[in-house]
Enquirer: 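Just dropping this structure here.
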Amino acid sequence: KIKMKVKVLSPIIPNPNASTINDATLVRVVATSSTTVLIAGEVNGEVRVPANGVVDIVKYAADVLTCPTSDCTKIAYTA
């Protein structure tokens, strides 16, 4: 069984508002309370995250995220 590891590529950005998260294409979102992540740009959408939930979002580098009550960071997967 292959286990993926996470490589952290940027500092945590708390409560980002219309941020590219350092031009990330893969972002880890950790919700401190229930929240909705808004994605705007080439791809538009939203993802609901429960309190203390974690979600990884794939996006285009220029797309922006708004993530109230959460901490976000640019990541990559490694084997």
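Keep in mind that what you see is a predicted model, and the values were worked out from it rather than measured. Residue numbers count from 1 along this sequence.
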Enquirer: Under 3.5 Å, sequence neighbours excluded: what are the donor-acceptor pairs made by side chains of residues 24-31?
Expert:
from, atom 1, to, atom 2, distance (Å)
Arg28, NE, Asp56, OD1, 2.6
Arg28, NH2, Asp56, OD1, 3.3
Arg28, NH2, Asp56, OD2, 2.9

Enquirer: Once rounded to the nearest 0.5 Å, what's the spacing between atom CG of Asn15 and atom SG of Cys67?
Expert: 9.0 Å

Enquirer: May I ask you to test the Ser19-Leu65 pair for a side-chain heavy-atom distance under 4.5 Å?
Expert: no

Enquirer: Determine yes or no for a side-chain-to-main-chain donor-acceptor pair under 3.5 angstrom, with Lys59 supplying the side chain and Asp23 the backbone.
Expert: no

Enquirer: Using distance only, find each side-chain donor-acceptor pair of residues 34-51 under 3.5 Å and give its atom names and separation, not counting sequence neighbours.
Expert:
from, atom 1, to, atom 2, distance (Å)
Thr35, OG1, Pro68, O, 2.6
Asn44, OD1, Gly41, N, 3.0
Asn44, ND2, Gly41, O, 3.4

Enquirer: Output the rest of the hydrophobic cluster of Val64: all Ile, Leu, Val, Met, Phe, Trp and Tyr residues reachable through side-chain heavy-atom contacts under 4.5 Å, sorted by chain and number.
Expert: none

Enquirer: Using a 3.5 Å cut-off and no angle test, enumerate the donor-acceptor pairs between side-chain atoms of residues 3-14 and protein atoms at least two apart in sequence or in another chain.
Expert:
from, atom 1, to, atom 2, distance (Å)
Ser10, OG, Asn22, ND2, 3.4
Ser10, OG, Thr73, OG1, 3.3
Ser10, OG, Lys74, N, 3.0

Enquirer: Check the pair Thr69, Ser33 against side-chain hydrogen bond (donor to acceptor under 3.5 Å, both in side chains), reporting the backbone distance first and the verdict last.
Expert: CA-CA 6 Å; Thr69 65; Ser33 63; 3.3 Å; yes

Enquirer: Could you tell me if the side chain of Pro16 sits less than 4.5 Å from the side chain of Ile21, heavy atoms only?
Expert: yes

